[in-house]
Amino acid sequence: MLQIAKIKENSEGIAQRLDLRGINGKERVAKILSIDEKRRAVQHKKEELLAQMNQLSAAIGDLFKAGKREEADLKKAETAAIKESIKLAEGEYKQVENELTDLLNDTPNAPHSSVQPGQSEKDNVEVFSWGEIPDLGTKAKPHWEIASEAALIDFELGVKITGAGFPVYTGVGAKLQRALINFFLNEAGASGYTEVQVPIMVNEDSAYATGQLPDKEGQMYHAAVDDFYMIPTAEVPVTNIFRDTILKEEELPKKLTGYTPCFRREAGSYGKDVRGLNRLHQFDKVEIVQVVHPDKSYDVLDEMVEHVKVLMEKLELPYRILLLCGGDMGFTSAKTFDFEVWSAAQKRWLEVSSVSCFESYQSNRLKCRFKNKETGKNELVHTLNGSALALPRIVAALLENNQLDGNRIHIPKALQPYLGMEEIVY
RNA sequence: GGAGAAAUGGCAGAGCGGUCGAAUGCGUUAGUCUUGAAAACUAAAGAUGUGCAAGCAUCCGGGGGUUCGAAUCCCUCUUUCUCCGCCA
């Protein structure tokens with residue numbers, strides 16, 4: 001969540017940044033500040049009473065030790081009224097505090113000033129593109145046909161076992177998954193990321209800390225008996241490694257990568273969006289996460305974008321990068337670049353990666369700080385993450401863009417050693 | 001799953017109703033000594049909130065209770081350890 005101190009320090013700037021999302025920043029900021037002011041007043045009142053009580057208790061203790069029993073009993077009688085006031089003040093404080101927390105939970109991150117205002121994906125800005133868009137003519141098959149004919153993926157079998165959106169990968173199809181995961185992990189390792197393997201169910205605290213709760217409650221699968229959530233992305237468990245920690249400045253940056261399956265309920269999706277591999281309930285993804293010094297976060301964002309660019313280019317897939325507009329960004333993000341791959345048979349762009357800087361929005365909830373060497377104070381770190389990469393749409397693009405005459409699929413050179421073949425022939 | 005024990009500062013570990021934000025040891029940082037290092041000696045150092053500050057408040061696994069007063073007593077949840085059972 002946003003830091004009150006930062007809002008106080010620069011309320012106009014934060015308000016303007018919130019405007020980029022299409023919400024009334026000025027109004028929101030004013031409301032937060034007014035509730036916070038109320039909170040501090042109530043806190044002061046409450047602590048005053050507590051201090052009184054502490055003094056009285058100490059005095060009573062002294063009297064008892066001095067053997068002045070009667071005087072002590074007299075003072076004891078005084079405490080009842082204060083106790084009552086404390087109870088009231090504490091109740092009031094809790095109420096104001098909850099009000100403030102609810103409001104902050106309901107307030108998205110303030111976009112970086114370089115983010116464009118806008119309402120929806122229509123307002124996103126293409127900032128980079130690479131590769132040639134292949135023209136396969138009219139005989140191009142969509143990936144679901146290829147996957148079926150080549151026996152790579154069995155969607156119907158997944159429906160039987162679980163339901164729609166839970167495909168079964170078979171034979172070379174399964175091996176291709178494993179090849180991509182290994183390729184992505186190795187590339188991340190070469191870029192200095194430490195590999196971790198983390199739980200794919202998380203508790204409520206973790207889901208809250210990275211911002212999935214309360215904002216996206218309905219998008220996660222929830223194991224109600226144990227109150228665990230199936231992760232929608234490795235971002236959740238990996239970032240939560242740093243929950244409640246104070247790092248040394250020289251430990252930064254922390255660079256982690258992890259492969260996990262991801263689970264999304266995708267309530268409300270329909271039509272061509274969910275065809276084949278376009279949108280699944282369970283899919284595989286390699287994530288990169290960085291925890292960095294606040295001064296470095298936007299350099300690191302560029303560095304992470306660069307990492308993903310290299311992946312796309314090694315996979316020989318045409319892609320473009322969009323700078324998301326304020327209205328299309330995730331709730332917790334301050335700046336997000338989306339990568340989209342060209343799907344040659346569907347003739348449309350598919351999102352395969354989202355690289356975001358969260359500034360201190362996540363770390364404030366995580367309570368992840370570092371000791372600033374100059375000031376000696378603990379400050380919130382900045383967190384970033386990105387997909388590097390999500391598998392299904394990469395597979396879709398690989399199958400569609402690389403289809404050759406004679407039922408063959410060309411495998412990009414970088415992937416060949418992982419898959420152990422230059423072409424898939426079927 | 002059953003029975004028992006435990007959870008305290010970076011780590012180990014004392015405290016079991018007031019003088020405890022908390023002994024002691026290790027570790028950390030700074031200094032003295034030394035050409036330098038080690039050793040020895042001296043000193044410093046928790047977190048959060050609030051306040052210009054002095055200070056005040058809160059924090060001894062989480063939540064609740066008893067009491068004028070709780071790290072210490074009670075309830076409850078979670079976690080860890082030991083033993084038994086089950087098991088990839």
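Sequence lines set the chain letters: A, B, ... in the order given, protein chains first and strands last, and positions in each chain run from 1.
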Which is more 5' along RNA chain B, the nucleotide nearest A/Leu56 or the one nearest A/Lys46? Just name the residue.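 The residue whose closest nucleotide sits nearer the 5' end is A/Lys46.
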If you pin A/Arg369 and A/Asn54 to their nearest nucleotides in RNA chain B, which one's is more 5'?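 Nearest nucleotide further toward 5': that of A/Arg369.
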Contact under 4.0 Å: A/Lys367 side-chain N or O vs B/C59 OP1/OP2: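 No, A/Lys367 has no side-chain N/O under 4.0 Å of OP1/OP2 on B/C59.
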Shortest non-hydrogen contact from A/Met53 toward A/Thr79: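 The pair with the smallest heavy-atom distance is CE-CB, 3.9 Å.
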Taking NZ, NE, NH1 and NH2 as the nitrogens, is one of them in [X] or [Y] under 4.0 Å from a carboxylate oxygen of the other?
X        : Y        : value
A/Glu250 : A/Lys248 : no
A/Lys6   : A/Glu359 : no
A/Lys75  : A/Asp62  : no
A/Glu48  : A/Lys45  : no

Between [N] and [M], how many Å separate the two [atom1] atoms, rounded to a whole number?
N     : M     : atom1 : result
B/U58 : B/G63 : C1'   : 16 Å
B/C60 : B/G65 : P     : 15 Å
B/U32 : B/G36 : P     : 10 Å
B/A30 : B/A7  : P     : 35 Å
B/U66 : B/A71 : P     : 16 Å
B/C52 : B/G69 : P     : 31 Å
B/C59 : B/U72 : C1'   : 16 Å
B/A57 : B/A22 : P     : 14 Å

Roughly, in whole Å, what's the span from [atom1] in [X] to [atom2] in [N]?
X        : N     : atom1 : atom2 : answer
A/Phe228 : B/U79 : CZ    : P     : 8 Å
A/Gln3   : B/U50 : CD    : P     : 12 Å
A/Asp227 : B/U78 : CG    : C1'   : 13 Å
A/Glu48  : B/G51 : CD    : P     : 14 Å
A/Leu50  : B/G49 : CG    : C1'   : 13 Å
A/Met53  : B/C56 : CE    : P     : 18 Å
A/Asp244 : B/G62 : CG    : P     : 11 Å
A/Asp205 : B/C77 : CG    : P     : 18 Å

I want to check something: taking the side chain as every heavy atom from C-beta on, are A/Ile32 and A/Ile7 in contact at a cut-off of under 4.5 Å?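 A side-chain contact exists here, since the closest heavy-atom pair is under 4.5 Å.
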Do A/Val300 and A/Cys357 come close enough that some side-chain heavy atom pair is under 4.5 Å?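 Not touching, per the 4.5 Å side-chain cut-off.
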Of the nucleotides [options], which has the atom closest to the [X] side chain?
X        : options             : answer
A/Lys83  : B/U67, B/U58, B/A47 : B/U67
A/Ile246 : B/G51, B/A47, B/C68 : B/A47
A/Glu47  : B/U67, B/G64, B/A57 : B/A57

Would you mind pulling out the nucleotide paired to [N], Watson-Crick or G-U wobble, both distances under 3.5 Å?
N     : result
B/G85 : none
B/G31 : B/C41
B/U79 : B/A6
B/G21 : none
B/U48 : B/A57
B/A70 : none

For the residue pair A/Tyr221 and A/Phe263, categorise the inter-ring angle as parallel (less than 30°), tilted (30 to 60°) or perpendicular (more than 60°).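 Perpendicular: the ring planes of A/Tyr221 and A/Phe263 meet at over 60°.
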Kindly assign one of parallel, tilted or perpendicular to the pair A/His293 and A/Phe370, based on the angle between their ring planes and the thresholds 30° and 60°.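 Rings of A/His293 and A/Phe370: tilted, 30 to 60°.
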Can you sort out which residues in residues 28-43 of chain A have a heavy atom within less than 4.0 Å of RNA chain B? Ascending by number, please.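 Per residue number, the list reads A/Arg39, A/Arg40, A/Gln43.
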Over all strands shown, is [X] touching base, sugar-phosphate only, or nothing at heavy-atom distances under 4.0 angstrom?
X        : answer
A/Ser57  : base
A/Asp73  : nothing
A/Asn378 : sugar-phosphate
A/Lys87  : nothing
A/Lys248 : nothing

Residue pairs passing the ring pair (Phe, Tyr, Trp, His ring centres under 6.0 Å) test where at least one lies in residues 143-169 of chain A, sequence neighbours excluded: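 Counting only pairs at least two positions apart or across chains, the ring pair (Phe, Tyr, Trp, His ring centres under 6.0 Å) contacts touching residues 143-169 of chain A are A/Phe166-A/His281.
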